[in-house]
Amino acid sequence: MQHVYDVTIIGGGPAGLYSAFYSGLRGLKTKLLESQPQLGGKVLLYPEKLIWDIGGHPPVLGEQFVKQLIEQAKTFDPTILTGTKVDLIERHNDIFVIHTAAGEKHYSKTVLLAVGGGIISPQKLTLEGAEKYEMSNLHYTVQSYKRFVDKDIIISGGGNAAIDWAVELSPIAKSVTIVYRKENLSAHEATVQEALDAGVRIECNTTITKLSANIDKTAIQLVTCENTITKQSYTRQIDEVIVSHGYSREASLAFDEAIAIPKKDDYYVEGKATGETAQPGIFAAGDILSFDGKINLLLGTFQDAANAVNSIKTYLEPTAYRHGMVSSHNELFKEKNRSIIEKQFAPAH
Ligand SMILES: Cc1cc2nc3c(=O)[nH]c(=O)nc-3n(C[C@H](O)[C@H](O)[C@H](O)COP(=O)(O)OP(=O)(O)OC[C@H]3O[C@@H](n4cnc5c(N)ncnc54)[C@H](O)[C@@H]3O)c2cc1C
């Protein structure tokens, strides 16, 4: 049998990543399983957005914030596995057996659910062969503004995210065109006006019907659009295609029949601010956890994570302190502090 961990965290978003750090701080043998190939959770949906509402943190890009979260999560060397979707949790006496979609099993004394609101994926363009351009110029999120500089861009979608991207990209792009299948955009009026003021071309009742490749078949060069009412088509040369058709959500995991956890609905579990659920040994943190006074923001995920890990610590070791030692006076950081200070004050040569 594989090693039995003290805690297995399911989900590598902000709640899971901070839990991995805090769990190390509390001396727990920790494993984290994330279904996506990348860590970061929902923040990966807004890598180019500045986040302002994290206490004491200057405005930070989503992408940079994810990097920092990952670095912090690795402080105490937890085992982290990406591309590992958990689909079932079973209890065998005092041990949880965590089954993955690939048929692997992981063993743990406790489980910390940090699965957000389920697995969120962008609604993809349903045109044949579209997926092969995802490595080149078909985008479902804007990862970096840099690649859009001086480009002709077409954005498919009429919601706030689509129009927001159009507004942000228009000052740096050569041209931005929005196509939307319905008569009226669903984005806020003020954002639509901003897009119009920024020179974004908006074509309603229009849908993308064909993507045609460049000569070496690596990227989209031409996009064919059709007017949904007149059925007339036109083809346009384009550098980048962005699709913003919303997200689908998949309820994340199942529990063995013997593990009953009250759920708020298909996506969220009811629990306490301490991270405890109705099932001993199963804890929760972040967006997945619902309780009175819950804050569904990044700052809320951190408080949830620390609470859940402290609950796990006292569940495993009832005589342990309820709270972890503050980091500023914690011996665990002594060596790391020394090396940071040495680097900071090293004489310049
Ligand atoms: C567009 C947008 C903008 C936002 N802006 C802000 C902001 O400015 N400030 C702020 O404070 N908050 C913001 N938020 C909210 C913030 O992103 C969330 O509160 C936060 O990401 C929740 O973190 P989490 O770890 O609980 O869940 P998530 O970030 O959803 O992470 C959950 C992780 O679990 C993984 N997972 C799910 N199921 C499984 C499974 N079965 N097996 C393995 N892994 C699984 C998922 O793939 C995901 O990586 C924003 C949210 C959105 C959508």
Side-chain angles (χ1 to χ4, degrees), residues 8-22 31-66 69-70 72-73 80-89 98-102 104-106 108 111-122 140-142 159-165 168 244 246-255 266-269 271 275 282-291 294-309:
T8 298
I9 299 163
I10 304 175
L17 290 168
Y18 191 72
S19 298
F21 164 73
Y22 210 77
K31 184 185 265 183
L32 184 150
L33 308 174
E34 165 57 49
S35 66
Q36 302 290 338
Q38 280 173 291
L39 297 165
K42 283 199 277 286
V43 187
L44 297 175
L45 303 179
Y46 50 100
E48 282 290 310
K49 290 282 182 191
L50 278 167
I51 306 170
W52 284 75
D53 48 0
I54 305 166
H57 209 301
V60 57
L61 285 175
E63 185 189 25
Q64 178 60 24
F65 185 60
V66 165
L69 275 175
I70 295 172
Q72 183 181 40
I80 296 182
L81 302 178
T82 52
T84 306
K85 184 187 171 211
V86 172
D87 55 12
L88 176 69
I89 301 174
I98 299 158
H99 297 256
T100 71
E104 299 146 356
K105 290 180 193 171
H106 300 267
S108 195
V111 174
L112 205 177
L113 304 173
V115 292
I119 297 173
I120 293 181
S121 321
Y140 290 98
T141 185
V142 172
N160 285 317
I163 312 303
D164 209 27
W165 279 333
E168 293 194 355
S244 175
Y247 292 88
S248 65
R249 190 151 67 141
E250 184 194 330
S252 313
L253 35 86
F255 297 98
D266 278 352
Y267 302 106
Y268 305 104
V269 300
I282 300 191
F283 300 81
D287 281 1
I288 172 83
L289 178 66
S290 165
F291 59 84
K294 170 79 184 182
I295 297 180
N296 279 96
L297 285 174
L298 296 164
L299 67 94
T301 67
F302 302 144
Q303 169 144 352
D304 285 2
N307 270 324
V309 168

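Remember, it's 1-based here, ligands and their atoms both numbered in the order they're listed. Note that the structure is predicted; figures quoted are calculated from it, not measured.
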Would a distance-only check, ignoring hydrogens and angles, find a side-chain to backbone donor-acceptor pair under 3.5 Å from Q36 to Q38? no

If we only count heavy atoms from C-beta on, is the Y18 to V309 side-chain gap below 4.5 Å? no

Should we count CD of Q303 as having more than 12 external heavy atoms under 6.0 Å? no

Per-ligand residue contacts, ligand 1, heavy-atom threshold under 4.0 Å: I10, G11, G12, G13, P14, A15, L33, E34, S35, Q36, G41, K42, Y46, I51, D53, T84, K85, V86, A114, V115, G116, I119, S252, L253, G286, D287, N296, L297, L298, T301

If the plane angle is over 60° it's perpendicular, under 30° parallel, otherwise tilted; pick one for H57 and F65. perpendicular

Less than 4.5 Å apart, any side-chain heavy atom of H106 and any of L81? yes

Donor-acceptor pairs are to be reported for all side-chain atoms of residues 43-51 against protein atoms at under 3.5 Å, with residues two or more places apart or in another chain.
from : atom 1 : to   : atom 2 : distance (Å)
K49  : NZ     : D164 : OD2    : 2.6
K49  : NZ     : E168 : OE2    : 2.8

